[in-house]
Amino acid sequence: MMTTHLILEIETFASLKGIAPATVTSRAVGNSRLYHRLKNGKSCTLDVADRLRKYMADNPAPAPIAEGAA
């Protein structure tokens, strides 16, 4: 279950940033293949998962601009 949740977090973050999920893992932990390995049923250490989550928390997507605001 943890791996499924981590994949969802990566995909959501990537979507909000407009980048590929593999780019997230590359920037966060230096491993662009990690996302594909997770999708293929593999796992990662808790340390790697923590580093991914820290990267995503430290680099939030910009807030959307409200319609009519400027």
Side-chain angles (χ1 to χ4, degrees):
M1 182 65 158
M2 184 191 117
T3 303
T4 304
H5 189 75
L6 183 60
I7 291 168
L8 181 59
E9 289 178 58
I10 293 167
E11 290 173 343
T12 301
F13 180 82
S15 177
L16 291 171
K17 291 290 243 180
I19 59 177
T23 302
V24 176
T25 60
S26 177
R27 291 178 182 175
V29 296
N31 187 343
S32 62
R33 290 172 278 157
L34 175 59
Y35 172 72
H36 295 291
R37 287 203 322 261
L38 293 172
K39 290 289 286 185
N40 287 325
K42 304 295 182 188
S43 62
C44 64
T45 65
L46 290 175
D47 180 56
V48 169
D50 287 344
R51 287 172 43 208
L52 272 163
R53 288 186 171 116
K54 180 171 177 10
Y55 171 81
M56 291 185 283
D58 290 347
N59 296 281
I65 298 172
E67 224 176 282

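Remember, predicted model here, so these are calculated numbers, not experimental data.
When all heavy atoms of S32 and A22 are compared, the closest pair comes out as O-CB, 3.4 Å.
When the salt bridge (Lys or Arg N to Asp or Glu O under 4.0 Å) test is applied to R27, no partner is found at least two apart in sequence or on another chain. By the side-chain contact (heavy atoms from CB on, under 4.5 Å) test, T12 is found to be paired with L8, L16, residues two or more places apart in sequence or in another chain being considered. Shown here are the side-chain contact (heavy atoms from CB on, under 4.5 Å) partners of K54, two or more places apart in sequence or in another chain: D58. By the side chain to side chain donor-acceptor pair (under 3.5 Å) test, R53 pairs with E9, sequence neighbours left out.
Each of T4, I10, T3 was scored for a side chain to side chain contact (heavy atoms under 4.5 Å, CB included) with I7, with one residue passing: T3.
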Exercise. When you look at V29 and Y55, which way does the side chain to side chain contact (heavy atoms under 4.5 Å, CB included) test go after all the steps?
Worked result: CA-CA 9 Å; V29 296; Y55 171 81; over 6 Å; no
Which atom pairs, donor and acceptor, lie under 3.5 Å between side-chain atoms of residues 39-50 and protein residues at least two apart or in another chain?
from, atom 1, to, atom 2, distance (Å)
K39, NZ, E11, OE2, 3.3
N40, ND2, H36, O, 3.1
T45, OG1, V48, N, 3.1

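In this structure a side-chain-to-backbone donor-acceptor pair under 3.5 Å is present from T25 to N31.
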